[in-house]
Amino acid sequence: MANRSRHERPAEPILHVDLDAFYASVEVLKDPSLAGKPVVVGSAASRGVIMSASYLARARGLHSAMPSVRARRLCPDAVFVPPDFESYRAYSNRFREVLLDVTPLVEPLSLDEAFLDVSGATLLFGSPVEMAALIRRRVTDELGLTASVGVARNKLVAKLASTRAKPDGLLVVPEADTLRFLHPLPVAALWGVGEKTAETLGRLGIRTVGELARTPEVILDRAFGEGQASTLLHLAGGTDDRTVVPFEAPKSVSHEETYPVDLDQPDEILRQLLALSQRVGERLRADGYRARTVTVKLRLPSFTTLTRSRTLKGATDLGGAIYHVARELFLGLPEGRRRFRLLGVAATGLVPSGAEQPAMVRTGRWNDAERALDRVHRRFGRDSAVPATLLRTDRDPAPDRRRVGAGPRKEPATDGHTPPWRPFL
């Protein structure tokens, strides 16, 4: 009888695994002297924001997306550390390997969290709860990190359970107890209920998931429309039919920077767009994709954001080609002196890197040059070799994350395939 039950689909087959304070925890592993201190990943500059905070920092009121100025007021002894995404990706890959050892049905949500459907792995590893405990143990033993896990009948409830289990916990929501778990939660805990939706529900006197579930649909129809009203009631009833999707190709690769001093010189803006384009190209090559569309993002001091996009004739993974388009998009803005607090470059319309062989032949020498740079960066660090245009000086309007770039320099014309920098020496 016991053997037969191990072949049956478990009532709670979905796991949501979430690494605790991932960025900050990795920084502590890299530098053990940070242990026991309120660690913050992000920039301490006046315009910086917190990307991740250790639980010691959170106990002092700090949290993700908080302005650094406010964080320093709340916690003067907070230790600010710049983000190191190469290290985060390395730990994330090891984390993913642990999950894939349990089941191939792993749906990554970000570097530090994923859904698993373990219904087909019970014969090998036991119940979902046993698999959750195994994953947590391996994450601690092999990565030196902690993970919180929610186990439930669907993705909605599993993710809410892992949130309640934090930090370093395991919470199982039996199928029969789904509504008992959900209904006391605030409505803002539900996916799709943002600040505005929560405010509207609050005006209707609806503050908990249980109150939402007991609200007649006709009332919600008037407030949100028929489609959203139906979705809200399904969520409040614990209904979520989404399956775990093992792999989805990325939709975009992007990089952006917020600067401590607004940029208003066109030459300097172009230099920063070049640096961002190089980062995007390097990421594309590392992930094995090429992009058909380039988008630039420019944010004014008023927080108004301008975006411009262009689709290429052929996909590319070259930083020089991406910059060529980004440059033209910027120069195509209506004339007028503007200041920008943030710049960003994004590549979308991704295709596998082998899908554009003719373009690779046409741009082969610069493709080889940029791939050679990738190898240098992996071995000696990102600052070991850069385009001459991006050599640092003390005059740089450095982004919050790091200092890059030199003084204003006239940009040479490019054809989209000749990189806009001097030859490497």
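Only this structure's heavy atoms are used, side chains among them; waters, hydrogens and symmetry mates stay out.
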Can you tell me if [X] and [Y] form a side-chain donor-acceptor pair at under 3.5 Å?
{"X": "T311", "Y": "R292", "result": "no"}
{"X": "R9", "Y": "S119", "result": "yes"}
{"X": "S254", "Y": "S252", "result": "no"}
{"X": "Q272", "Y": "E268", "result": "yes"}

### Query
Honestly, is R58 close enough over Y55, meaning NZ or CZ under 6.0 Å from the six-membered ring centre and within 45° of the axis?
yes
#### Entry: Stepwise side chain to side chain contact (heavy atoms under 4.5 Å, CB included) check, V139 with L19
CA-CA 9 Å; V139 165; L19 299 178; 3.8 Å; yes
Looking only at non-hydrogen atoms, find the nearest pair between [X] and [Y] and report the distance.
{"X": "T178", "Y": "G238", "result": "CG2-CA, 4.3 Å"}
{"X": "L270", "Y": "Y323", "result": "O-CE1, 3.3 Å"}
{"X": "V149", "Y": "A165", "result": "O-CB, 4.1 Å"}
{"X": "V151", "Y": "E12", "result": "CG1-O, 3.6 Å"}
{"X": "S309", "Y": "T295", "result": "OG-OG1, 2.6 Å"}
{"X": "L212", "Y": "L232", "result": "CD2-O, 3.8 Å"}

For residues 104-114, which side-chain donor-acceptor pairs fall under 3.5 Å, sequence neighbours excluded?
{"residue": "E107", "atom": "OE1", "partner": "K155", "partner atom": "NZ", "Å": "2.8"}
{"residue": "E107", "atom": "OE1", "partner": "V245", "partner atom": "N", "Å": "2.9"}
{"residue": "E107", "atom": "OE2", "partner": "K155", "partner atom": "NZ", "Å": "3.4"}
{"residue": "S110", "atom": "OG", "partner": "D112", "partner atom": "OD1", "Å": "2.7"}
{"residue": "E113", "atom": "OE1", "partner": "H16", "partner atom": "NE2", "Å": "2.7"}
{"residue": "E113", "atom": "OE1", "partner": "K159", "partner atom": "NZ", "Å": "2.9"}

Below 4.0 angstrom, N of the basic side chain to O of the carboxylate: do [X] and [Y] qualify?
{"X": "R96", "Y": "D101", "result": "no"}
{"X": "D262", "Y": "R339", "result": "yes"}
{"X": "E86", "Y": "R89", "result": "no"}
{"X": "D141", "Y": "R137", "result": "no"}

Within this structure, what is the [atom1]-[atom2] distance for the pair [X] and [Y], rounded to the nearest 0.5 Å?
{"X": "L273", "Y": "K297", "atom1": "CG", "atom2": "NZ", "value": "13.5 Å"}
{"X": "L306", "Y": "L342", "atom1": "CG", "atom2": "CG", "value": "11.0 Å"}
{"X": "E27", "Y": "L34", "atom1": "CD", "atom2": "CG", "value": "7.5 Å"}
{"X": "I206", "Y": "I219", "atom1": "CD1", "atom2": "CD1", "value": "7.0 Å"}
{"X": "L156", "Y": "H234", "atom1": "CG", "atom2": "NE2", "value": "12.0 Å"}
{"X": "T239", "Y": "N154", "atom1": "OG1", "atom2": "CG", "value": "7.5 Å"}

Going by side-chain hydrogen bond (donor to acceptor under 3.5 Å, both in side chains), name the pairs with one or both residues in [range], residues two or more places apart or in two chains.
{"range": "residues 202-216", "answer": "T200-R203"}
{"range": "residues 63-77", "answer": "R60-D77"}
{"range": "residues 180-193", "answer": "D177-R180"}

### Task
Return yes if some donor-acceptor pair links the side-chain N/O of T304 with the main-chain N/O of L300 below 3.5 Å, else return no.
no
With sequence neighbours excluded, tell me which residues meet side chain to side chain contact (heavy atoms under 4.5 Å, CB included) with [X].
{"X": "A57", "value": "P38, V40, A53, S54, L62"}
{"X": "R310", "value": "V325, E328, L329"}
{"X": "A90", "value": "none"}
{"X": "E226", "value": "D221"}

### Message
Within a 6.0 Å radius of atom CG on D241, are there more than 12 heavy atoms belonging to other residues, nucleotides or ligands?
### Response
no
#### Entry: More than 12 heavy atoms from other groups under 6.0 Å of CD on E199
yes
### Task
Only pairs at least two apart or in different chains count here, so list each salt bridge (Lys or Arg N to Asp or Glu O under 4.0 Å) that has a residue in residues 163-176.
D18-K166, D20-K166, R136-D168
### Task
Tell me, please, which residues at least two apart from T348 pass side chain to side chain donor-acceptor pair (under 3.5 Å).
none
### Summary
ring-ring contact (aromatic ring centres under 6.0 Å, His included) pairs touching residues 17-44, sequence neighbours excluded, are Y23-F85, Y23-Y88
### Message
Let's go through L185 and L160 carefully: what are the C-alpha distance in whole Å and the side-chain angles of both, what is the deciding distance for side chain to side chain contact (heavy atoms under 4.5 Å, CB included) to 0.1 Å, and is it a yes or a no?
### Response
CA-CA 9 Å; L185 298 178; L160 291 172; 4.0 Å; yes
### Message
Please evaluate residues V26 and D84 with respect to the criterion side chain to side chain contact (heavy atoms under 4.5 Å, CB included), reporting the C-alpha separation (whole Å), side-chain torsions for both, the decisive distance (0.1 Å), and the verdict.
### Response
CA-CA 9 Å; V26 170; D84 177 3; over 6 Å; no
### Query
Of all residues at least two apart in sequence or in a different chain, which pass the salt bridge (Lys or Arg N to Asp or Glu O under 4.0 Å) check with R94?
none
### Query
Checking side chain to side chain donor-acceptor pair (under 3.5 Å) for the pair T258/R47: CA distance, chi angles, key distance, verdict?
CA-CA 7 Å; T258 299; R47 292 185 175 181; over 6 Å; no
